Amino acid sequence: MEVHWMSATELAAAIAGKSLSAAEVLEHFVTRIEGLDGPINSVVHWDLDRARATAARADQAVMDGDELGPLHGVPMTVKDSFMTEGCITTSGAPELADFVPEVDAYPVAGVRRAGAIPFAKTNLPIWAGDIQSFNEVYGTTNNPWDPERTPGGSSGGSAAALAMGFTPIEIGSDIGGSIRVPAHYSGVMGHKPSYALVPAHGQIPGPPGTLTMADLAVAGPMARSVDDLRTSLLAMAGPDRWNSAAWKVDLPPSRHSQLSDFRIAAWIDDDYCPVQGATVTALESLCSQLRSEGAHVDDEARPGFTLEKAYRVFNRLLGAALSGGTPVAELDALAAEQSDSMTAEAGRTTAMRHREWLTENERRLQMRLKWEQFFGEFDAMVMPVQARPAIPHDHSPNMVDRVIDIDGAKRSYMDLFHWIAPAGLAYLPATVVPIGFDGDGLPIGVQIVGPYLDDMTTLRLGELISEIMGGCPRPDTAS
């Protein structure tokens, strides 16, 4: 197999077995990126001198018979919102164009401990704040399947690099779909962990040095195989800095190992946010194949609340989570705006009082309880990631005013956030794997949602689905 399509675990085994060296694998990826990334613009900053030195030490450790980590010697890229010690980290913001962190973000430190070698940074929107990936520092990242479209965001450079065979694994972040959407748009895999399973200290935003763990926000792995998702997740998982004295991670195993034992609910479409016909067809085809493999699939079961309610509560909690650092005077002005426009409503959400947040949080907890009860009967829920595949680039400044097309109907850009809400709202794990294409040849992913801290269950089901659906496709631009 070509080195660039090998999984991280395969590469680690080959390096440990001396059939490949970490140094030659690193140089293979560098050469490939230099030859193919121009039209994609996924890799935006190199850290090669240190990576080469680390690869040489990794190869010496193999020769010396040292104990090796599960990712030993594996080169990888890292999303540019994660602080990387000694390497410029911008989060797409011009004011951080020369910022060099003195420490690694916790997830970066985790993969380093497992033996991985970060060698470059990948692109994103400014402050990781969009589901497209463009900024004034590094420009626009294009989708490998269609350069006129976005690879998603905010982990868009990560997803594009994976789709192109520039890296075997990546670290993404997700507060409003930023792991799940790029995986779906770019035909790769991503896992949004259960909230707080992976400590995200060192993720920008907030500003460098922030100690707050933002509500809803998680860090998690992206890859082209579920085995790599699982290995990377375990490398990054652990207590945050406040709880490390007493806490440890001991995740339950997957509820089942075979498809025939899984009880799966399917929430494929909804009148509140109608899904593109090709996406519905792909999901229905998946459900038919799951049934043919012996799985129990129920397409009527729901967790006891509507998609509309989940989105409305999620949207308000998201606005509050993103309000940190906003000047008080600006918040007061937003709160005073009486217009019924979407922009004004978004502003009022950002400026909500703590007592309002407490009400929304209680609504969230009531839905978490309904999910918990639901997963007493079902092992997982399969859902769309979004109502459609990758959208054309649209860099108009006000996100709320952007318009998308779904089967010929003009819809609000904000409709792209509806289907990621039920899992994000309730802190649940969600694994995304590719399951097909639409009529334009754009990848379609499925979102597999499971019980809180049952990450191994959604990963195992994703692995089984990937086996029957053929794994990650490869765009022509990656040949």
Side-chain angles (χ1 to χ4, degrees), residues 5-13 69-71 74-79 82 107-108 110-111 113-116 118 122 152 155 158-163 165-174 177-195 197-198 200 218-238 249 251-257 380 382 385 420 423 428-435 443 445-451 453-473:
W5 295 126
M6 292 174 69
S7 70
T9 51
E10 289 170 339
L11 286 171
L71 297 173
V74 176
M76 67 176 293
T77 58
V78 173
K79 180 181 180 180
F82 288 99
V108 177
V111 295
R113 286 192 299 271
T122 49
S155 310
S158 306
L162 285 164
F166 295 159
T167 183
I169 51 175
E170 253 279 3
I171 303 173
S173 60
D174 191 311
S178 289
I179 289 172
R180 292 166 286 169
V181 172
H184 163 60
Y185 279 7
S186 299
V188 297
M189 300 180 183
H191 180 71
K192 184 196 88 67
S194 297
Y195 180 76
L197 176 58
V198 175
V218 302
M222 301 177 71
R224 292 188 303 270
S225 81
V226 175
D227 189 31
D228 281 355
L229 291 180
R230 187 184 294 113
T231 301
S232 301
L233 175 67
L234 293 174
M236 293 187 285
V249 172
L251 291 174
S254 173
R255 290 185 174 189
H256 309 291
S257 60
V382 295
V385 180
I420 55 89
L428 302 181
T431 303
V432 174
V433 299
I435 59 167
V446 61
Q447 180 179 196
I448 306 160
V449 179
L453 295 177
D454 253 314
D455 293 65
M456 293 299 123
T457 295
T458 67
L459 286 165
R460 178 56 180 161
L461 182 53
E463 189 168 42
L464 293 167
I465 288 174
S466 183
E467 288 174 3
I468 63 175
M469 302 306 291
C472 288

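Small disclaimer: the values here were computed from a predicted structure and weren't measured. The basis for the numbers below is simple: all heavy atoms, side chains too, and nothing from hydrogens, waters or symmetry mates.
The two residues D455 and P193 have their closest heavy-atom pair at OD2-CA, 3.3 Å. Closest approach of L453 to S194, counting heavy atoms only: N-OG, 2.7 Å. Closest of all the heavy-atom pairs between P70 and A12 is O-CB, 3.4 Å. Of all non-hydrogen atoms in G190 and A183, the two that sit nearest each other are N-CB, 3.8 Å. Summarising the geometry of F82 relative to G172, their closest heavy-atom pair is CZ-O, 3.5 Å, with the distance given to 0.1 Å. Nearest heavy-atom pair, I169 versus S232, reported as atom, atom and distance to 0.1 Å: CG2-OG, 3.7 Å.
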field: V198/L233 under side-chain contact (heavy atoms from CB on, under 4.5 Å): CA gap, chis, key distance, verdict
entry: CA-CA 8 Å; V198 175; L233 175 67; 3.7 Å; yes

message: Would M236 and V108 count as a side-chain contact (heavy atoms from CB on, under 4.5 Å) here? Give the steps.
response: CA-CA 8 Å; M236 293 187 285; V108 177; over 6 Å; no

message: Under the criterion side-chain contact (heavy atoms from CB on, under 4.5 Å), I'd like the reasoning laid out for E463 against R230: C-alpha separation, chi angles, the key distance, then a yes or no.
response: CA-CA 10 Å; E463 189 168 42; R230 187 184 294 113; 2.8 Å; yes

query: Are L197 and V218 close enough, and set up right, to give a side-chain contact (heavy atoms from CB on, under 4.5 Å), and what steps lead you there?
result: CA-CA 8 Å; L197 176 58; V218 302; over 6 Å; no

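The structure places CD1 of I448 at 12.5 Å from CZ of R180, a figure rounded to the nearest 0.5 Å. We find the CD1-OG distance between I420 and S178 to be 8.5 Å, quoted to the nearest 0.5 Å. With rounding to the nearest 0.5 Å, the separation of CD1 in I465 from CZ in R460 is 11.0 Å.
T457 contributes no side-chain N or O that, together with a main-chain N or O of S254, makes up a donor-acceptor pair within less than 3.5 Å. Of the possible polar contacts, none joining the S466 side chain to the G462 backbone as a donor-acceptor pair under 3.5 Å is found. Judged purely by atom type and a 3.5 angstrom limit, R224 uses its side chain to pair as donor or acceptor with the backbone of T167. Remark: side-chain polar atoms of D174 are not paired, donor with acceptor, to backbone N or O of G220 under 3.5 angstrom. With hydrogens and angles disregarded, no donor-acceptor distance shorter than 3.5 Å links the side chain of D228 to the backbone of A223. With hydrogens and angles ignored, the 3.5 Å screen pairs a side-chain donor or acceptor of K192 with a backbone N or O of L428. Listed for the E467 side chain is no donor-acceptor partner under 3.5 Å among the backbone atoms of L464.
At a threshold of 4.5 Å between non-hydrogen side-chain atoms, the residues I171 and P221 do not count as touching. Under the 4.5 Å side-chain criterion, counting only non-hydrogen atoms from C-beta, P434 is in contact with C472. Residues M456 and P253 fail the side-chain proximity criterion, which asks for heavy atoms closer than 4.5 Å. Counting only heavy atoms from C-beta outward, the side chains of V74 and P168 approach each other to under 4.5 Å. The shortest side-chain heavy-atom distance between I179 and V432 does not fall under the 4.5 Å cut-off.
Side-chain contact check for T77 and E170: at least one donor-acceptor pair (N or O, by modelled atom type) lies under 3.5 Å. Side-chain contact annotation: S155 with K79, donor-acceptor N/O pair under 3.5 Å present. Under the 3.5 Å distance criterion, with hydrogens and angles disregarded, a donor-acceptor pair is assigned to the side chains of T431 and T458.
The side-chain contact (heavy atoms from CB on, under 4.5 Å) test with V433 is passed by exactly one of M189, Q447, H184: M189.
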